[in-house]
Protein chains: 2
Amino acid sequence: MKLHNCSAELRKAKLRATPARIVAMQIFEKSDIPVDSTILFKNLKKQVDVDRVTVFRMLNNFLDRGLIKKIEFGEGKSRYELNGPEHHHLICESCGNVEDISYCNVENFGDEVNRQKKFLIRRHTLEFYGLCNNCQK
Amino acid sequence: MKLHNCSAELRKAKLRATPARIVAMQIFEKSDIPVDSTILFKNLKKQVDVDRVTVFRMLNNFLDRGLIKKIEFGEGKSRYELNGPEHHHLICESCGNVEDISYCNVENFGDEVNRQKKFLIRRHTLEFYGLCNNCQK
DNA sequence: GTGTATGCAAACCGTTTGCATAAGG
DNA sequence: CCTTATGCAAACGGTTTGCATACAC
């Protein structure tokens, strides 16, 4: 059980370790693709009695404290994932699966942009949409 | 006046050239940053009497016919721009201004991803967030 | 005990849908 | 004339807010 880790992590982020939050963190740790509020809510419900509103408040709390980050895949809703090392996503337009890619050569490109446009880049988003290996068959 | 061009363009896309659509196309042509439904609605209202619903329907029609494309900047709403040559955006987190960049070296990176992950890339999104030249001062 | 987190109800915003009317070709 | 676009009203899904209560520390 990672329960203790999650509690500690929450307290370290100056958040009270409530049951809902602990389970939410566990769900984030277990899920391999970014979750949206509805998925998180449904999975939470299996273990704790929690309100939808609380889920949104948790998400915002976690975001504020930098525990998670928000992503959008153009679905008209937000997704969230643990705020780990920078990476990008391969989103299958057929089955919806999401794979992570860690390598990114955009930094060099960013430097170029910086020089040319005098734009100070703080972060960037890069998502690839297409067909995963399975769905190509 | 570009009115005639817009009408022609609409008809070429097999869409009836109604006043609202013609003005909408003109607004797209004039605006240098991607517009959202509300901005488009307000600007349309200055020239034609149009309903909010009609704006959304127009946007979807234009999307279907490939006249425009949809973009998201993580604002919880969609933005739209004319479907011209591929480019990416520099979004200023301070003033909200958006600059276009045309050069993109992501293709090479995409090939790499393709080989490594056997993922067939159909399109990608790449947006830079930071501070524009003005807002750095 | 004190301040933070939660539940509930209600509202908000962007967007979609159904249906009858209007208008482009 | 026939089909497509529009307006209006209503609904939808995701998200936020106000307020009183419950709970973590």
Side-chain angles (χ1 to χ4, degrees), chain A residues 3-4 6-25 27 34-45 47-65 67-81 96, chain B residues 3-4 6-25 27 34-45 47-65 67-81 96:
Chain A
L3 208 139
H4 305 89
C6 288
S7 304
E9 215 173 332
L10 284 165
R11 269 187 241 100
K12 206 170 61 184
K14 298 197 189 303
L15 289 174
R16 291 189 177 172
T18 68
R21 283 177 176 168
I22 293 167
V23 177
M25 285 302 284
I27 290 170
V35 298
D36 61 44
S37 63
T38 306
I39 296 174
L40 180 58
F41 175 64
K42 284 184 184 156
N43 283 312
L44 273 169
K45 270 286 200 181
Q47 299 180 61
V48 288
D49 188 25
V50 68
D51 192 273
R52 225 193 184 87
V53 172
T54 301
V55 174
F56 282 106
R57 278 197 272 235
M58 285 187 345
L59 287 171
N60 286 329
N61 293 152
F62 291 4
L63 273 176
D64 290 346
R65 305 307 165 106
L67 293 178
I68 58 176
K69 60 184 154 189
K70 175 152 73 165
I71 318 166
E72 295 195 14
F73 291 162
E75 306 163 298
K77 65 186 174 190
S78 298
R79 288 179 176 265
Y80 307 84
E81 65 182 5
Chain B
L3 211 139
H4 305 90
C6 289
S7 305
E9 214 173 332
L10 284 165
R11 270 186 239 102
K12 204 169 62 186
K14 297 199 191 302
L15 290 174
R16 291 187 178 172
T18 68
R21 283 178 176 168
I22 293 169
V23 176
M25 285 302 285
I27 290 171
V35 297
D36 61 43
S37 64
T38 306
I39 296 173
L40 180 57
F41 176 63
K42 284 184 185 157
N43 282 313
L44 272 170
K45 271 286 202 181
Q47 298 180 63
V48 287
D49 189 25
V50 69
D51 192 273
R52 224 193 185 85
V53 173
T54 301
V55 174
F56 282 106
R57 278 197 272 237
M58 284 187 346
L59 286 171
N60 286 329
N61 293 152
F62 289 6
L63 274 176
D64 290 345
R65 305 307 166 106
L67 293 178
I68 58 175
K69 59 184 156 191
K70 175 153 73 167
I71 318 167
E72 294 196 13
F73 292 161
E75 306 163 297
K77 67 184 172 188
S78 299
R79 286 180 177 265
Y80 307 84
E81 65 182 5

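Residue numbers start from 1 in every chain, and the chains themselves are labelled A, B, ... in the order their sequence lines are given, proteins ahead of strands. Side chains included, hydrogens not; waters and symmetry mates left out as well; all remaining heavy atoms used.
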Mapping Asn61(A) and Gly76(B) to their closest nucleotides on DNA chain C, which lands nearer the 5' end?
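The residue closer to the strand's 5' end, by nearest nucleotide, is Asn61(A).
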For Ala17(B) and Ser78(B), find the nucleotide of DNA chain C closest to each by heavy atoms; which residue's nucleotide sits nearer the 5' end?
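Per heavy-atom nearest nucleotide, the more 5' residue is Ser78(B).
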Are any of the side-chain heavy atoms of [X] and [Y] separated by less than 4.5 Å?
| X | Y | answer |
| --- | --- | --- |
| Ile68(B) | Glu81(B) | no |
| Phe56(A) | Ser37(A) | yes |
| Asp51(A) | Phe41(A) | no |

Where do Glu9(B) and Leu15(B) land on the side chain to side chain contact (heavy atoms under 4.5 Å, CB included) test, with the steps shown first?
CA-CA 9 Å; Glu9(B) 214 173 332; Leu15(B) 290 174; over 6 Å; no
Closest nucleotide among [options] to the [X] side chain:
| X | options | answer |
| --- | --- | --- |
| Arg57(A) | dC8(C), dG14(C), dT17(C) | dC8(C) |
| Asp51(B) | dT15(C), dG7(D), dA5(D) | dG7(D) |
| Val53(A) | dT16(D), dA9(D), dT6(D) | dT16(D) |
| Thr54(A) | dG14(C), dG7(C), dT6(D) | dG7(C) |
| Arg16(B) | dT3(D), dG7(D), dT6(D) | dT3(D) |
| Leu15(A) | dC8(D), dT15(D), dA5(C) | dA5(C) |

So what does Asn60(B) touch, heavy atoms closer than 4.0 Å: a base, only the sugar-phosphate, or nothing?
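Sugar-phosphate only.
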Quantified as the angle between the terminal helix axes (five pairs each), what is the overall bend of the helix from dG1(C)-dC25(D) to dG25(C)-dC1(D) to 10 degrees?
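Between the first-five-pair axis and the last-five-pair axis there is 40°.
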Taking only N and O in the side chain of [X], is any of them less than 4.0 Å away from OP1 or OP2 of [N]?
| X | N | result |
| --- | --- | --- |
| Ser37(A) | dT15(D) | yes |
| Thr18(B) | dT6(D) | yes |
| Thr38(B) | dC13(C) | no |

Length of the line joining [X]:[atom1] and [N]:[atom2], which is rounded to integer Å:
| X | N | atom1 | atom2 | value |
| --- | --- | --- | --- | --- |
| Arg65(A) | dA5(C) | CZ | P | 7 Å |
| Glu72(A) | dG14(D) | CD | P | 13 Å |
| Ile39(B) | dG14(C) | CD1 | P | 10 Å |
| Asp36(B) | dG14(C) | CG | P | 7 Å |
| Lys45(B) | dG7(D) | NZ | C1' | 10 Å |
| Lys12(B) | dG25(C) | NZ | P | 16 Å |
| Arg11(A) | dA24(D) | CZ | C1' | 9 Å |
| Leu63(B) | dT16(C) | CG | C1' | 14 Å |

Donor-acceptor pair, [X] side chain versus [Y] backbone, under 3.5 Å?
| X | Y | answer |
| --- | --- | --- |
| Arg65(A) | Ala13(A) | yes |
| Arg21(A) | Arg16(A) | yes |
| Arg79(A) | Pro34(A) | yes |

Tell me the closest heavy-atom pair linking Glu72(A) and Gly76(B), and the distance in Å.
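Closest heavy-atom pair between Glu72(A) and Gly76(B): OE2-N, 3.8 Å.
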Along DNA chain D (nearest heavy atom to each residue), the more 5'-positioned of Pro19(A) and Asp49(B)
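In this pair, the answer is Asp49(B).
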Distance criterion of 3.5 Å, no angle test: do you see the side chain of Arg79(B) paired donor-to-acceptor with the base of dG14(C)?
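By the distance-only test, no, there is no pair.
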